[in-house]
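Notes to accompany the following structure.
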Amino acid sequence: MDIRGPRLRKPSDEALAFTSSMADDGRIARQVILVNLAHMAALVRAGEVDRKLGAKCVKFLVGASAEIPPGAKSEDFHQQLEQAAVDSLGVETAGFLNYGKSRNDQVATAIRMELRGSVLALVGSVVGLQSALLSQASKNGAVLVPGYTHLQRAQPATFAHHLFAHFDAFQRDAERALQLYARVNLSPMGSAAMAGTSVKLDRRYVAGLLGFHGLVRNAMDAVSSRDVAVEALSCATIAALDASRLAEELILWSSAEFGFVELADAYAASSSIMPQKKNAVAAEMARAKAGSVMGGLVAACAILKALPYSYNLDLQEVTPHLWRAMDDVTATLGVLAGMVASASLRKGRLDSAVHGDGSTAVALANYLVRERGVSFRQAHAMVGALVRASADTGAPLQEVAASRLAHVSAGFGKKVSVDRGTIEGLLDPARFLEGVATEGGANPRSIAKELRLREGDIASTRSSLSELKARLAASERRLRATTLGLAREVKSGD
Ligand code: ARG
């Protein structure tokens, strides 16, 4: 029997191919089978379906394949699975599978189940990249690097300070994804098409079997909403943006112009014509993926915008964007982790970059404020004039400052002088950084403490991750045990 029933004549092949989600349903097929199992277990438990019939359905589902053969023609995997059950068990038995459920609540549930794993994979890859950043920080953290604003040298920093900046952005990505997880992990089952059902299903029992920690309460909301998909795409997008900024820095820093970093050959590619080339191709793709991920977010928003409640097939079009984005961002973070961990610093280049470029000039201004009672704006102007003179004459700032500060400062209405030794000390990048007094600043003395704080972040994300994974595995074991117990009640020959 064709489960589509007699209401409509056959769909055109073209329309069926156009509206079918079979090509993308492979991603949720396993979850769809689990949802069917839990639903049947609940029907039997409620006495809504005869135990023997239910046991046969469950036995079929336990052995059902989640592989979708290429070219299989169906509206979707939900329909194909039920049709296969009817073909195999007969409609008197398998005809109870969809009692009290709809593809609408089923697909919303399967997406949430699959998304749980994708979110945890995303968090796992974030934490992997974070630990690569920390391994660089503990190896090379004390190396001085130029810090940039407007991509112009601004002030020196420690390499650790720069790595921690990226780390902290990824920390928020991990936290955001874990908060999202709590909103994903709610069950739509029992909502049926959109109004709920007269079938006496215990929604909380089904939710428990499927590892959810609660319900999407309103049945219409449960089948109509995809905001958790949008939220996941937002989390993916933000993480991909953070990753692309790191990727861009790897590309810049490994260029001849910067020359601060040597990337491992494993993440580079050569040119088919220029024998000398070493292109940072993995970082380029990481940078590009952010565009694709963001595109998925925009696509999902555009599909959902102004969509009337409740279910519309438009919702089907959101899901492939979700999986692609989650996979892209997870792969991006994984590759970047390897690139970061295997990169080496070109310390000589960094050393010459941080010395003698005037990027410590504010230390002299601060000294004039603290020790000579000059207002900061005046001190800023005095030092600015010295820097300008240094640029005009080509003489190093410390020389110009030593010889001309008295004259320049007099011009700003407050004559001060500072001896050359003091000026040299103030302008020295290492001394500059040792003078940083604020929490979260680039003082090298704080590296060890900042490192420990972040090791704590990693440990706590990892423990949340393993707890959530263990809960998922336990609920799946429970579902298997419940349904296998039922399946075993089918006598041979039945
Ligand atoms: N293939 C559909 C999707 O992915 C499943 C739900 C279909 N529901 C329906 N009433 N046609 O969203």
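In listed order, ligands and their atoms are each counted from 1.
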Inset, instruction - Please work out whether the ring planes of Phe258 and Phe260 are parallel, tilted or perpendicular, with thresholds of 30° and 60°. - result: perpendicular

Legend entry - Residues Glu262 and Lys278 bridged, charged N to O under 4.0 Å: yes

Inset, instruction - Indicate yes or no: at least one non-hydrogen side-chain atom of Leu81 is less than 4.5 angstrom from one of Leu61. - result: yes

Inset, instruction - Considering heavy atoms of the protein only, find what lies nearest to atom 11 (N) of ligand 1 and give residue, atom and distance to 0.1 Å. - result: Arg103 NH2, 3.5 Å

Legend entry - Protein heavy atom at shortest distance from atom 2 (C) of ligand 1: Gln316 OE1, 3.2 Å

Legend entry - Which of the ligand 1 atoms, numbered from 1, are nearer than 4.0 Å to a heavy atom of Asn104: 8 (N), 9 (C), 10 (N)

Legend entry - Close side-chain approach of His162 and Glu249, heavy atoms under 4.5 Å: yes

Inset, instruction - Answer yes or no on whether Arg45 is positioned over the face of Tyr205, meaning its NZ or CZ is under 6.0 Å from the six-membered ring centre and within 45° of the axis. - result: yes

Legend entry - Nitrogen or oxygen of His78 less than 3.5 angstrom from that of ligand 1: no

Legend entry - Ionic contact status for Asp173 with Arg176, cut-off 4.0 Å: yes

Inset, instruction - Just need the protein heavy atom nearest to atom 12 (O) of ligand 1, so name the residue and atom and give the distance. - result: Tyr311 OH, 2.5 Å

Inset, instruction - Kindly identify the option in Asp76, Asp25, Thr19 whose heavy atom sits closest to atom 5 (C) of ligand 1. - result: Asp76

Inset, instruction - Ignoring angles and geometry beyond distance, decide whether Ser21 reaches within less than 3.5 Å of ligand 1 through its nitrogen or oxygen atoms. - result: yes

